[in-house]
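Everything numeric in this text was worked out from a predicted model, so none of it was measured.
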Amino acid sequence: MEQRYRWRNKEIREQAAIIDGKRPPAILLKNARFLHSTLRRWLEGNIWIDNDRIVYAGEELPANTSTTEIVDCRGLILVPGYIEPHVHPFLLYNPQTFSRFAAQTGTTTTINDNLFLFLHLHKRKAFSIIRKFDESPVTMYWWTRYDAQTVLDGEETIFSNSDVKTWLEHDKVVQGGELTGWPQLLDGDDLMLHWIQETKRLGKKVEGHFPGASDRTLAKLMLFGADCDHEAMTGEDIYKRLMQGYMVSLRHSSIRPDLPVLLEDIKKMGLDQYESMLFTTDGSTPAFYRRGMIDAMIRMAIESGIPVIDAYQMASYNVARHYNLQHLHGLIGTGRIANINFLESETNPTPVSVLARGQWVKRDGNQIVIDEEIHWEDYGIEPLKVDWELTMEDLQFSMPFGMKMVNSVITKPYSIAMDVSLDELPKDNDESFFALLDRKGKWRVNTMLKGFARGVCGFVSSFSTTGDIILIGKNKSDMKLAFDRIKEIGGGIVLAENGRIIHEIRLPLSGMMSEKELPILIEEEEELRGLLAERGYPFSDPIYSLFFLSSTHLPYIRVTQRGVYDVMNKTVLFPTLMR
């Protein structure tokens with residue numbers, strides 16, 4: 001069933017006929033105790049559903065139930081399906097496998113990043129696959145980027161005015177951003193400001209990305225058009241954003257598991273107005289979701305003392321209202337999409353059953369898969385094809401300085417003092433060879449990476465910000481072995497040691513995504529984390545380490561398609577070398 005959410009006249013007449021008793025509803029949820037989001041109270045009543053829509057919610061029972069599935073809801077609590085407002089659905093998983101897993105935790109609507117689609121597909125193919133995603137029982141909305149969060153060759157042609165505006169006009173796109181390129185906006189980028197103005201003209205939202213922003217900066221960005229920000233790391237950050245009129249997304253993610261601190265600070269500061277707060281897991285890596293998604297955040301909020309109804313509103317109604325979607329989502333009420341979670345108690349937000357668009361995707365604890373497998377190749381998403389050879393000449397390292405990891409994602413420059421002409425580095429230090437190679441084999445960047453690990457021999461990934469290929473390791477032969485394995489499997493993440501492959505995560509969808517369901521991917525990622533930790537990786541999230549090595553929205557120095565890049569001074573320190 002395609003997600004149109006503009007019902008035809010005939011469909012609306014048929015829905016109204018159910019109220020008149022001329023037609024039976026498809027599903028009747030009888031004796032239901034449910035959260036009514038606008039009244040902000042628990043009600044007792046009956047809910048009638050026809051296809052994907054709630055056609056009545058109240059005290060009445062339908063006159064005609066001749067073919068109706070009747071569900072007695074006594075003993076259960078019903079709440080609106082949760083909405084995840086900030087999803088990066090290409091982090092090893094793909095949008096289909098993510099949505100299937102999310103539905104089991106009660107998240108029935110997602111608002112997704114389009115960066116992968118923008119960088120890797122022509123917009124016709126991208127819009128075609130978005131239509132295919134509409135067949136999912138989970139509702140998928142999108143945002144469009146204004147920049148690539150890295151320095152690209154030919155960025156002005158990739159993020160052209162016509163393409164960005166075409167994305168903004170798409171009916172599944174509900175916001176622009178996230179504004180990782182806000183410094184250039186403040187510095188006078190009028191094209192980005194024009195896109196923001198177009199976003200606002202279309203009645204859509206602008207999502208910020210403002211870590212550490214001062215009051216003055218937040219005020220300026222509000223004037224430029226930002227509506228929401230997910231980068232609050234303390235209660236003071238929340239307060240500053242609320243003061244400037246922002247909607248604030250409270251984040252709990254694999255790279256920033258901030259919610260416990262935020263909840264404690266909210267309590268200390270006496271912030272007791274929650275209508276301008278949302279929850280997000282901000283595109284976490286697979287293993288993080290073993291503990292749950294938005295349901296886990298609701299649970300943490302309730303346990304911290306947030307009023308129960310407010311905790312559920314932050315996961316549903318507040319999000320719908322922010323995006324002007326409350327006529328469709330966030331409410332168990334007449335006319336809304338039939339996204340409903342069935343709970344065992346008010347304080348246990350993980351559902352035992354889930355209706356998504358009026359279809360059971362989870363029933364009595366059991367998953368029900370109703371969407372067909374996507375044939376990715378039909379949309380230009382195929383295994384990575386590497387038709388060139390990696391040579392030892394490609395693994396020559398001669399720069400005077402390299403990158404030093406401060407944490408999982410921040411890198412600073414450091415002076416190289418050791419002999420880097422060797423084929424193997426000693427394991428009594430934490431310096432590794434590092435290279436970024438064009439996925440088409442046209443160019444390379446070679447430097448050293450300090451702080452990644454002491455004992456990783458060969459570690460290669462086609463998963464990166466741009467889909468170019470990352471090589472890290474102590475041993476050039478093992479690095480080449482891992483690279484050759486990447487070629488063989490059509491993309492992925494490969495760890496090699498002493499002449500053999502010891503672990504791999506296959507990513508046959510453009511070298512960026514797996515086809516495997518999330519529970520399997522969680523196991524694969526956790527095994528990789530364990531192996532890297534045993535070899536000295538000291539941080540929390542190696543997947544995001546890979547992803548952000550090229551991301552110029554983070555300080556201080558990055559490796560990009562143009563070369564080693566100084567983020568603060570916006571200059572290329574060492575350009576790429578043509579192969």
- Message: Can you confirm whether Pro95 sits close enough to Met513 that some side-chain heavy atom of one is under 4.5 Å from a side-chain heavy atom of the other?
- Response: yes
- Task: Check whether any side-chain heavy atom of Leu119 sits under 4.5 Å from a side-chain heavy atom of Leu152, and report yes or no.
- Result: yes
- Modelled atom types, side-chain donor and acceptor of Arg299 and Thr350, under 3.5 Å: yes
- Specify the closest pair of heavy atoms between Glu178 and Gly208, including all atoms of both residues, with the distance to one decimal. CB-O, 3.8 Å
- NZ/Lys205: more than 12 non-hydrogen atoms of other groups inside 6.0 Å: yes
- Message: Between Arg529 and Glu525, is the salt bridge (Lys or Arg N to Asp or Glu O under 4.0 Å) condition met? List the steps.
- Response: CA-CA 6 Å; Arg529 283 172 181 251; Glu525 190 209 339; 2.7 Å; yes
- Query: Can you name the closest pair of heavy atoms from Ala148 and Thr465 and give their distance?
  - Reply: O-CG2, 4.1 Å
- For Met243, does the CE atom have more than 12 heavy-atom neighbours from other residues, nucleotides or ligands under 6.0 Å away? no
- Looking at Trp143 versus His170, is the centre-to-centre ring distance below 6.0 Å? no
- Query: How long is the span from the CZ atom in Phe548 to the CD1 atom in Ile543, to the nearest 0.5 Å?
  - Reply: 12.5 Å
- Any side-chain heavy-atom pair from Leu549 and Ser464 closer than 4.5 angstrom? no
- Message: Looking only at the side chains, is there a donor atom on one of Asp282 and Thr280 sitting less than 3.5 Å from an acceptor on the other?
- Response: no
- Determine, for Glu198 against Lys204, whether the closest basic-nitrogen to carboxylate-oxygen distance falls under 4.0 angstrom. no
- Side-chain heavy atoms of Thr150 within contact of Ser551, under 4.5 Å: no
- Task: List the steps, then state whether side chain to side chain contact (heavy atoms under 4.5 Å, CB included) holds for Glu517 with Phe101.
- Result: CA-CA 8 Å; Glu517 295 296 330; Phe101 187 86; over 6 Å; no
- Query: Among side-chain atoms of Tyr323 and Gln175, is any donor-acceptor pair under 3.5 angstrom?
  - Reply: yes
- Task: Please answer whether the main-chain N or O of Ser540 pairs with a side-chain N or O of Ser408 as donor and acceptor at a distance below 3.5 Å.
- Result: yes
- Would you mind checking if Glu169 and Lys165 are paired as a salt bridge, meaning a charged N to carboxylate O distance below 4.0 Å? no
- Message: Donor-acceptor pair, distance only, cut-off 3.5 Å: does the side chain of Gln561 make one with the backbone of Asp153?
- Response: yes
- Message: Just so I know, are the side chains of Gln104 and Val354 near enough to count as touching, which here means a heavy-atom distance under 4.5 Å?
- Response: no
- Enter the distance from Asp147:CG to Ile158:CD1 here, rounded to the nearest 0.5 Å. 12.0 Å
- Between Phe401 and Tyr414, is the gap from one ring center to the other below 6.0 Å? no
- Message: Is it the case that the side chains of Gln149 and Thr552 hold a donor-acceptor pair, with the cut-off being a distance below 3.5 Å and no angle test?
- Response: no
- Any chance you could measure His194, atom NE2, to Tyr146, atom OH, to the nearest 0.5 Å? 10.5 Å
- Does the side chain to side chain contact (heavy atoms under 4.5 Å, CB included) test come out yes or no for Phe224 and Met192, once each step is laid out? CA-CA 10 Å; Phe224 282 126; Met192 186 177 291; over 6 Å; no
- Message: Strictly distance-based, threshold 3.5 Å: is any side-chain N or O of Glu84 a donor or acceptor partner for the main-chain N or O of Thr281?
- Response: yes
- Side chains of Ile505 and Leu521: closer than 4.5 Å at any heavy-atom pair? yes
- Please confirm whether the backbone N or O of Thr97 pairs with a side-chain atom of Asn94, one donor and one acceptor, at under 3.5 Å? yes
- Query: Is the closest side-chain heavy-atom distance between Glu524 and Ile493 below 4.5 Å?
  - Reply: no
- Exam field: side chain Asn339 to backbone Pro80, donor-acceptor pair closer than 3.5 Å: no
- Below 4.0 angstrom, N of the basic side chain to O of the carboxylate: do Lys474 and Glu431 qualify? no
- Taking all heavy atoms of Gly235 and all of Leu271, pick out the closest pair and write down the distance. O-CD1, 4.4 Å
- Message: I need the Arg251 CZ to Leu278 CG distance, nearest 0.5 Å.
- Response: 13.5 Å
- Just by distance, do the side chain of Ser136 and the backbone of Val138 share a donor-acceptor pair under 3.5 Å? yes
- Using 30° and 60° as the class limits, which term best fits the ring planes of Phe539 and Tyr537: parallel, tilted or perpendicular? perpendicular
- Which side chain to side chain donor-acceptor pair (under 3.5 Å) pairs, counting each pair once, include a residue from residues 252-270, with sequence neighbours left out? Ser254-Thr285, Ser254-Asp541, Arg256-Asp258
- Message: Tell me if the centroids of the rings in Phe452 and Phe434 come within less than 6.0 Å of each other.
- Response: no
- Query: Taking all non-hydrogen atoms of both residues, which atom of Ser550 and which atom of Thr560 are closest, and how far apart?
  - Reply: O-CG2, 4.0 Å
- Item | Intermediate values then yes/no, side chain to side chain contact (heavy atoms under 4.5 Å, CB included), Ile238 and Leu250 | CA-CA 8 Å; Ile238 294 172; Leu250 308 185; 3.6 Å; yes
- Message: Could you measure the distance from the OG1 atom of Thr447 to the CE atom of Met399? Nearest 0.5 Å is fine.
- Response: 5.5 Å
- Message: Does the plane of the ring in His553 sit parallel, tilted or perpendicular to the ring in His209? Use 30° and 60° as the thresholds.
- Response: perpendicular
- Query: Aromatic rings Phe98 and Tyr289: how do their planes relate, parallel, tilted or perpendicular, breaks at 30° and 60°?
  - Reply: perpendicular
- Could you walk me through whether Arg558 and Thr411 pass the side chain to side chain contact (heavy atoms under 4.5 Å, CB included) test, one step at a time? CA-CA 7 Å; Arg558 303 280 137 183; Thr411 50; 3.4 Å; yes
- Message: Just so I know, are the side chains of Asn114 and Ile130 near enough to count as touching, which here means a heavy-atom distance under 4.5 Å?
- Response: no
- Query: In terms of ring plane angle, is the pair His86 and His230 parallel, tilted or perpendicular, where the classes change at 30° and 60°?
  - Reply: tilted
- Query: Among Val87, Thr109, Asn112, which one satisfies side-chain contact (heavy atoms from CB on, under 4.5 Å) with Tyr141?
  - Reply: Thr109
- Query: Which value, rounded to the nearest 0.5 Å, describes the distance between Tyr246 atom OH and Leu218 atom CG?
  - Reply: 5.0 Å
- Task: Return yes when atom CD of Glu526 has more than 12 non-hydrogen atoms of other residues, nucleotides or ligands closer than 6.0 Å, and no otherwise.
- Result: yes
- In this structure, are over 12 heavy atoms from other groups packed under 6.0 Å from Phe574 atom CZ? yes
